[in-house]
K.L.:
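If you scroll down you'll find the structure; I have some questions about it.
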There are 2 protein chains.
Amino acid sequence: MDTRYSSRMTFDFQREAPCPISQLLELVGDRWSLLIIRDAFYGVRRFDGFQKHLGISKKVLTMRLNMLVQAEIFKKELYQQQPDRYEYRLTSKGRELFPVLLTMMRWGNRWLTPAGQETVQLLHASCGEKIEPKLVCSHCEQPVTPARVQAMPGPGASREAVQLLRQIVSKSGKKSVL
Amino acid sequence: MDTRYSSRMTFDFQREAPCPISQLLELVGDRWSLLIIRDAFYGVRRFDGFQKHLGISKKVLTMRLNMLVQAEIFKKELYQQQPDRYEYRLTSKGRELFPVLLTMMRWGNRWLTPAGQETVQLLHASCGEKIEPKLVCSHCEQPVTPARVQAMPGPGASREAVQLLRQIVSKSGKKSVL
DNA sequence: TAATATAAGTCTCCTTAGGGAACTAAATCA
DNA sequence: TGATTTAGTTCCCTAAGGAGACTTATATTA
């Protein structure tokens, strides 16, 4: 069986050296991966658990778990012998997807769930309040908003990407964000 | 033509009242939506621009843009008459996806791009430094990490969801996160 | 004036990702 | 002894998505 996660997508205007968002999405931007990872944060660790909670087909779950292990987002850990059985645990690479899922949850609760009908609430152990996460800059501690963010071609940008970024910035006549 | 975005997925163990993350993913969790929105943050506004930058097929782009307009993530604005032509602009609902894309970009740069080969760099206008966003709690200003977050069933949680959350928490023997 | 280009799609054909259900294997339970 | 649990594999079918030709109305160029 081929366990690689193949894709024909071009996915990106920065062809040779793709944008980090499209790299992330190429890895976990399918229908299920982020939900599997979400369940892992909830404490689910075994094939059966993921399968029952998500309602995903076993075939696709097998493929996704293999891919996520290969991507070092999960690691397999033996929890039983004869027959050998493994649990799937998040690595630090996987655990660092927490901010992505948290900001997604925040947006979902704010824009998709009728007020007062949230299915999950997160409490912050530090203060006991309902969590309303906000993004701040590690350097100056000030909030990070689209208007305060300026995108520049990085060291790995292709000539093509640099041109396109410039073009976009000059066309829109304002700072480009992201 | 049917412009609705249909899906057969069960997608969720909280069947009747799904988790905000799965709600978000059901809306923008396909191969393209988040990349279209990313391009909008870069300043792209027109059908042609999205199509050229992304390499997406026109058919799917049409479907996605219609869906995103219906979801009020984009709004159409007339920029020319005879024939009528529209631009696609982010609404505030769409603009508030910024933290999601920013944390994605952060993770992609950290875990998928070789150090020093980033294709995009973000500068913070407030301090001029490269942005390293971090999540803090709006109430106590302390960092929000998986270990400091406790998930509770919200007011809209189904009985089924409450049971599952309890079960997960008691099984894993530790605080559940997310 | 004729030909080409632009912008924003629509239509047709084809490939492939993913769902459903049945089957497998090894051990344990009743 | 037969059912159950856990973790898959295999087969068949449907539907999402890609490629590319066609459309419509205007503007530009040779």
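Proteins come first, then strands; the chains are lettered A, B, ... in the order of their sequence lines, and each starts at number 1.
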K.L.:
Is there a donor-acceptor pair closer than 3.5 Å between any side-chain N or O of B:Thr119 and the backbone N or O of A:Gly154?
P.N.:
no

K.L.:
Kindly check if the number of other-residue, nucleotide or ligand heavy atoms within 6.0 Å of CD (B:Gln80) is above 12?
P.N.:
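Atom CD in B:Gln80 is crowded, with more than 12 foreign heavy atoms closer than 6.0 Å.
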
K.L.:
Nearest heavy-atom pair of A:Phe50 and A:Ile36: which atoms, and what distance?
P.N.:
CE2-O, 3.3 Å

K.L.:
To the nearest angstrom, how far is B:Arg31 atom CZ from C:dT16 atom P?
P.N.:
12 Å

K.L.:
What is the distance, to the nearest angstrom, from the CZ atom on A:Arg46 to the P atom on D:dA7?
P.N.:
6 Å

K.L.:
Can you measure B:Leu54 atom CG to D:dG17 atom C1' for me and round it to whole angstrom units?
P.N.:
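Atom-to-atom, B:Leu54 to D:dG17, this comes out as 15 Å.
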
K.L.:
What is the distance, rounded to the nearest whole Å, between atom CH2 of A:Trp32 and atom P of C:dG18?
P.N.:
10 Å

K.L.:
Nearest to the side chain of B:Asp48 - C:dG18, C:dA7, D:dA19?
P.N.:
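The answer is C:dA7.
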
K.L.:
How far apart are the closest heavy atoms of B:Arg64 and B:Ser33, and which atoms are they?
P.N.:
CD-OG, 3.4 Å

K.L.:
Where along residues 75-91 of chain A does a heavy atom fall under 4.0 Å from DNA chain D?
P.N.:
A:Tyr79, A:Arg85, A:Tyr86, A:Tyr88

K.L.:
Of all residues at least two apart in sequence or in a different chain, which pass the side-chain hydrogen bond (donor to acceptor under 3.5 Å, both in side chains) check with A:Glu87?
P.N.:
A:Arg46, A:Arg89

K.L.:
Closest approach of A:Gly49 and A:Val44, non-hydrogen atoms and distance?
P.N.:
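Closest pair (atom of A:Gly49, atom of A:Val44, distance): C-CG1, 3.7 Å.
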
K.L.:
Rounded to whole Å, how long is the line connecting atom CE of B:Met63 with atom C1' of C:dC11?
P.N.:
13 Å

K.L.:
Name the residue closer to the 5' end of DNA chain C, choosing between A:Ser57 and B:Phe47 according to the nucleotide with the nearest heavy atom.
P.N.:
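Looking at DNA chain C, the more 5' nearest nucleotide goes with B:Phe47.
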
K.L.:
In whole Å, I'd like the distance from the CG atom of B:Asn66 to the C1' atom of C:dT10.
P.N.:
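In whole Å, C:dT10 C1' lies 12 Å from B:Asn66 CG.
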
K.L.:
Taking C-beta and beyond as the side chain, do A:Val28 and A:Leu68 meet within less than 4.5 Å on heavy atoms?
P.N.:
yes

K.L.:
Give every pair of a protein N or O atom and an N or O atom of nucleotides 12-14 of chain C that lie under 3.5 Å apart, one pair per line with the distance.
P.N.:
none

K.L.:
In whole angstrom, what separates A:Lys58's NZ from C:dT24's P?
P.N.:
14 Å

K.L.:
Where do A:Asp84 and A:Gln81 come nearest, in terms of heavy atoms and distance?
P.N.:
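Minimum heavy-atom contact is OD1-CA, 3.6 Å.
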
K.L.:
C:dG20 P sits how many Å from A:Gln51 CD, rounded?
P.N.:
10 Å

